[in-house]
2 protein chains.
Amino acid sequence: MIRREASRGTGRPTLAEVAKLAGVSQITASRALRNVPTVDPENVAKVKDAAKALGYVPNPAARTLASARSQSVVVLVPALANQLFIETLEAIHAVLHPRGFEILIGNFHYSKEEEEELIRNYLSFQPCGMLLTGFDRTEASLRLLEATGVPRVHMMELSRTEDVHSVGFSQEDAGAVVARHLLSKGRRRLAYVAAQLDARVVQRGEGFKRALAEAGVLDRAVEIKVADPSSVELGGELFQALLNDHPDIDGIFFCNDDLAHGALFEAQRRGVPVPERITFVGFNDLPMSAHTVPRLTSIRTPRAEVGEHAARLLLQLIGGSETARKSIDLGFELMVRESG
Amino acid sequence: MIRREASRGTGRPTLAEVAKLAGVSQITASRALRNVPTVDPENVAKVKDAAKALGYVPNPAARTLASARSQSVVVLVPALANQLFIETLEAIHAVLHPRGFEILIGNFHYSKEEEEELIRNYLSFQPCGMLLTGFDRTEASLRLLEATGVPRVHMMELSRTEDVHSVGFSQEDAGAVVARHLLSKGRRRLAYVAAQLDARVVQRGEGFKRALAEAGVLDRAVEIKVADPSSVELGGELFQALLNDHPDIDGIFFCNDDLAHGALFEAQRRGVPVPERITFVGFNDLPMSAHTVPRLTSIRTPRAEVGEHAARLLLQLIGGSETARKSIDLGFELMVRESG
DNA sequence: TACAGTCAAGATAGCGCTATCTTGACTCTC
DNA sequence: GAGAGTCAAGATAGCGCTATCTTGACTGTA
């Protein structure tokens with residue numbers, strides 16, 4: 001029988017070969033490539049040259065097995081179907097990938113149960129860090145996260161307690177800003193139209209109603225909430241329903257721009273002048289919102305910035321920094337345009 | 001000094017513990033959990049019970065290291081910034097995740113060089129399969145893929161040769177269908193407006209022009225191509241430029257719906273009646289296109305179906321099937337709406 | 001009864017790295 | 001100049017699995 005060069009294994013160069021070529025021990029080569037500071041710079045250069053000459057690429061499985069910690073960061077988002085989290089993911093990637101981290105993306109489709117299963121599954125990969133969306137999850141999820149002690153940063157909302165790290169902005173304040181804006185335009189008969197009722201959508205509504213209460217017009221306000229996923233189509237339907245049931249509504253805050261876009265199309269179709277008869281305000285400021293007819297007033301949310309800062313904060317935590325800031329508030333901005 | 005239970009390792013139950021509890025050897029436990037058919041069903045039951053009792057979860061790093069093959073499938077897409085590939089990714093996930101595969105998503109931002117780097121990087125994870133977008137990549141990328149022999153399926157386009165597997169539809173035919181539709185509406189002065197010039201966008205344009213040539217109106221056609229990323233804003237700008245330079249254009253084929261949406265907004269703003277003066281046709285049929293004013297005629301592409309079939313085909317290849325179909329044509333559909 | 005053939009189960013030996021302990025050369029101090 | 005302290009480099013021993021070879025019980029045949 002013919003003797004194979006390698007009956008098992010990948011056939012790719014290994015650390016042992018790099019070490020041999022560099023004339024050092026394997027563990028020194030390992031340390032050199034990981035930039036462990038106790039290695040003589042001369043040896044570091046020899047090892048890195050050897051690695052390059054051989055085209056050596058570390059085997060992540062072996063690394064993970066030996067160190068009981070991977071170079072992966074898990075990011076859990078509630079949806080990929082809209083651009084919101086894509087921009088955040090891109091920003092996270094831009095920070096972490098150049099530093100050698102792999103990113104495992106989990107989409108839990110706004111389901112706490114699905115998120116719990118993802119957490120369970122991804123923890124088996126021994127990630128070195130996790131980026132999570134918000135704070136609203138199952139008890140079991142929380143226990144799993146606490147038990148493993150993997151560094152983590154929560155995105156999009158700000159924590160009220162001091163024991164977790166978060167990067168985001170105040171969803172409630174954003175809702176209140178929208179309310180005050182509509183009031184400043186002389187609107188008094190206001191509505192909050194929401195779908196996909198996650199914690200953040202609810203918080204926006206709370207802030208909105210809080211501000212209306214302060215202005216004494218809450219009793220005349222209307223709230224439409226449906227649990228269905230947001231879509232352009234749903235926005236049109238909800239607008240139509242609202243118009244039928246409450247024809248005197250003069251200002252609407254949509255929980256996101258998708259709904260607002262659908263409502264804009266429907267308003268145009270029905271000949272309802274926006275903003276003359278009804279003022280529209282959206283949320284998230286999707287790129288399209290600056291171009292619709294009329295252009296949509298919306299809350300610009302720092303989606304990319306949240307990803308970037310969360311990733312940087314996580315890097316500090318992975319590096320063992322105790323001085324890392326607990327919470328980073330990145331704020332938001334009301335983009336006032338033609339719709340109100 | 002206090003003796004630790006485990007100074008290294010994860011602290012989680014291992015296969016050895018499962019085997020001990022089940023009263024079999026470790027390798028039998030390993031085989032039982034992987035459903036290797038040579039194990040006595042009684043032993044399989046004992047092992048699976050023991051695993052459940054201990055809350056055992058396999059360590060993927062150890063698996064990958066020992067078998068030189070991970071349970072990961074790499075999916076490389078040119079963009080995440082629009083919904084196109086998200087739907088494909090969701091469908092892939094729905095097929096592969098329940099079967100225990102992990103999905104590594106790589107976004108190469110329409111850059112062949114970036115794709116090459118991603119391929120290099122992801123191959124170090126020893127994926128058991130790859131799903132790629134199209135056929136247009138660097139020579140080095142091709143060599144890497146060939147050298148490793150990892151099963152792969154190409155998505156979105158159909159291969160012209162018989163040596164690779166592909167799932168998609170004919171981009172050229174889709175372009176030709178649009179051309180014939182516009183001609184059937186009596187339009188003769190036609191334009192193709194394209195951005196983000198990847199291979200598929202070019203193929204659509206080729207099919208469009210081929211059909212115009214067959215109808216003898218190619219010499220009056222206009223083509224606007226820019227390499228910039230597609231966006232709603234760009235669609236408006238390109239429409240405006242087109243209108244200035246060629247005021248007699250009476251039909252436009254946009255290479256994607258984003259551009260068409262932007263042009264629709266711009267047309268409305270400038271009082272250009274669509275479809276009365278100019279007919280618009282988009283591509284991809286994004287969810288919003290059925291709701292714009294006017295509703296957009298577009299080519300509906302089988303994005304989710306491509307993902308699903310590609311994943312299924314890949315599963316066959318991973319399983320060693322030689323009988324797997326080489327190419328699956330899923331077609332497309334012209335959705336005729338108000339814009340033309 | 002003896003023999004080859006079959007097959008489930010086990011023993012053994014890694015996969016390619018890194019944690020940990022040890023070594024030995026070198027400094028510094030009194 | 002002996003002892004303690006420092007520090008880069010190496011030896012050793014796994015991490016938790018699976019590929020591969022081996023074993024031994026069992027079958028069927030002549």
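Sequence lines set the chain letters: A, B, ... in the order given, protein chains first and strands last, and positions in each chain run from 1. Excluded from the calculations below are hydrogen atoms, water molecules and symmetry mates; all remaining heavy atoms, backbone and side chain alike, are included.
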Check your understanding: Once you round it to whole Å, what is the distance between P of dC15(D) and CG of L15(A)?
Key -> 19 Å
Check your understanding: For F135(B) and S159(B), what are the C-alpha separation, side-chain angles and deciding distance, and is it a side-chain contact (heavy atoms from CB on, under 4.5 Å)?
Key -> CA-CA 8 Å; F135(B) 297 99; S159(B) 64; 3.3 Å; yes
Exercise for review: Just do the side-chain contact (heavy atoms from CB on, under 4.5 Å) check on L132(B) and V153(B) with the steps written out, would you?
Suggested key: CA-CA 6 Å; L132(B) 305 169; V153(B) 174; over 6 Å; no
Point to revise | Distance test, side-chain N/O of R63(B) to OP1/OP2 of dG16(D), below 4.0 Å | key: no
Review point. Closest nucleotide of DNA chain D for Y56(B) versus for R31(B): which of these residues is on the 5' side?
Key: Y56(B)
Practice item. Report yes if the side chains of P60(A) and S124(B) come closer than 4.5 Å at any heavy-atom pair, otherwise no. Key: yes
Study note, to complete from the structure: The answer to which of A62(B) and G23(B) contacts DNA chain C further toward the 5' end, by nearest nucleotide, is G23(B)
Practice item. Any chance you could lay out the side-chain contact (heavy atoms from CB on, under 4.5 Å) test for R12(B) and Q126(A), step after step, and finish with the verdict? Key: CA-CA 11 Å; R12(B) 291 185 296 139; Q126(A) 296 158 250; 3.8 Å; yes
Revision key, fill the gap. note: F125(A), atom CZ; dG16(D), atom P; distance rounded to Å ~ 16 Å
Practice item. Measure the distance from CG on N59(B) to P on dG14(D) and round it to the nearest whole Å. Key: 18 Å
**Study point:** Residue-phosphate contact under 4.0 Å: T14(B) side-chain N/O, dG16(D) OP1/OP2
**Key:** no
Review point. When the distance from CG of D40(A) to P of dA9(D) is rounded to whole Å, what number comes out?
Key: 5 Å
Practice item. Return no unless some side-chain N or O of S67(B) is found under 4.0 Å from OP1 or OP2 of dC17(D). Key: no
Review point. Hey, what's the ring geometry for H97(B) with H93(B), parallel, tilted or perpendicular (30° and 60° as the breaks)?
Key: parallel
**Study point:** Under 4.0 angstrom between T28(A) side-chain N/O and dG10(D) OP1 or OP2
**Key:** yes
Exercise for review: With sequence neighbours excluded, give me every salt bridge (Lys or Arg N to Asp or Glu O under 4.0 Å) pair touching residues 71-88 of chain A.
Suggested key: E87(A)-R303(A)
Review point. To the nearest angstrom, how far is I27(A) atom CD1 from dT20(C) atom C1'?
Key: 9 Å
Practice item. Could you tell me the separation between the CZ atom of R69(A) and the C1' atom of dC17(C), rounded to a whole number of Å? Key: 17 Å
Practice item. Mind grabbing the angle between the end helix axes of the helix from dT1(C)-dA30(D) to dC30(C)-dG1(D)? Five pairs an end, 10° rounding. Key: 40°
Review point. Between dA9(D) and S25(A), is there an OP1 or OP2 to side-chain N/O distance shorter than 4.0 Å?
Key: no
Check your understanding: Rounded to the Å, how far apart are K20(B) NZ and dG16(D) C1'?
Key -> 16 Å
Practice item. Go through the side-chain N and O atoms of E115(A) and Y110(A) and say whether any donor and acceptor fall under 3.5 Å apart. Key: no
Check your understanding: For the pair made of CG in N43(A) and P in dC7(D), what is the distance, rounded to whole Å?
Key -> 17 Å
Check your understanding: Would one find a side-chain N or O of T64(B) under 4.0 angstrom from OP1 or OP2 of dC17(D)?
Key -> no
